[in-house]
Amino acid sequence: MSTDVAVVGREFFARDPVELAPLLLGSVLAHDTDDGRVAVRISEVEAYRGVGEDPGSHAFRGMTPRNAVMFGEAAHLYAYFTYGMHTCLNVVAGRRGESAGVLLRGATVVDGLELARRRRPGASDRDLARGPARLSIALGVPLSAGGSDLLAPPFSLAVPREPVGFESGPRTGVSGAGGGASFPWRFWIPGDPGVSPYRRHARSHE
DNA sequence: CGTGAGATCGCCT
DNA sequence: GGCGATCTCACGT
């Protein structure tokens, strides 16, 4: 159930996002604030490639003020605001200028359960971080934290020593080119309660 | 459990 | 001006 994780260097994240994404399943991301620490174990992610390569990516059309962080160093936080109310979190992937990232779509709380519950009143424990916007609220990460290094305080990110088994399918919420079966870059841990409820389509790996 | 609608505003064409 | 890398609540099964 709990995976053995370890802190790794930045070069681990400087690889193709489609390769990196499944390796992040089972990772533990922690965030410290004055109110305390919340840590989550990642159960679902999506890979986004860079400029010109991936029509579903915020970076597809080149650098803008919003996506500039994606063009920077790996393992930093790309946070974006959407639907007029939600913040979602990505781990920047690849080398400088590659503008790739991995969206954190779902997780389970493994530390700071009381604090996470306070941040999402009324939510069941299972739903605390199940979904990209919910995850950012449970961790207490504001949009303004965008650009932060996830390998330095107040964050910490540890990855599994041994990759976990996973399944993949089309990315959620990505319509038009970039969506559908041509980009099966959503990855999740089968049966994990932290996988978002919105879809299931599958091809399994091991 | 599934579907459907409304909320709400920054980003980029 | 149109549309999101979404969520919650209401209501039907």
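Throughout, protein chains are lettered first and strands after them, A, B, ... in sequence-line order, and every chain is numbered starting at 1. A quick note: this is a predicted structure, and the numbers were derived from the prediction, not measured.
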Practice item. Would you indicate, yes or no, if C:dA5 has its OP1 or OP2 atom less than 4.0 angstrom from a side-chain nitrogen or oxygen of A:H58? Key: yes
Testing B:dC12, C:dA5, C:dT8 for proximity to the side chain of A:V174, the answer is C:dA5
Ranking C:dT6, C:dT8, C:dA5 by distance to the side chain of A:A133, first place goes to C:dT6
The nucleotide from C:dA5, C:dG4, C:dT8 with an atom nearest the side chain of A:L103 is C:dA5
| message | Whether A:R130 and A:D125 form a salt bridge (side-chain N of Lys/Arg under 4.0 Å from carboxylate O of Asp/Glu) is what I want to check. | response | no
Out of C:dA5, C:dC7, B:dC9, minimum distance to the side chain of A:H86 belongs to C:dC7
Going by an N to O cut-off under 4.0 Å, is there a salt bridge joining A:R118 and A:D35?
no
Paired to C:dA5 by Watson-Crick or G-U wobble criteria (both distances under 3.5 Å) is none
Q) Within the modelled atom types, does a donor on one side and an acceptor on the other bring the side chain of A:Y80 and the base of C:dA5 under 3.5 Å apart? A) yes
### Query
Under 4.0 Å between a Lys/Arg side-chain N and an Asp/Glu carboxylate O for A:R105 and A:E46?
yes
Ion pair present between A:R41 and A:D192, side-chain N to carboxylate O less than 4.0 angstrom? yes
Winner on side-chain proximity to A:R120, out of B:dC12, C:dT6, C:dT8, is C:dT8
Testing B:dC12, C:dA5, B:dA7 for proximity to the side chain of A:M85, the answer is B:dA7
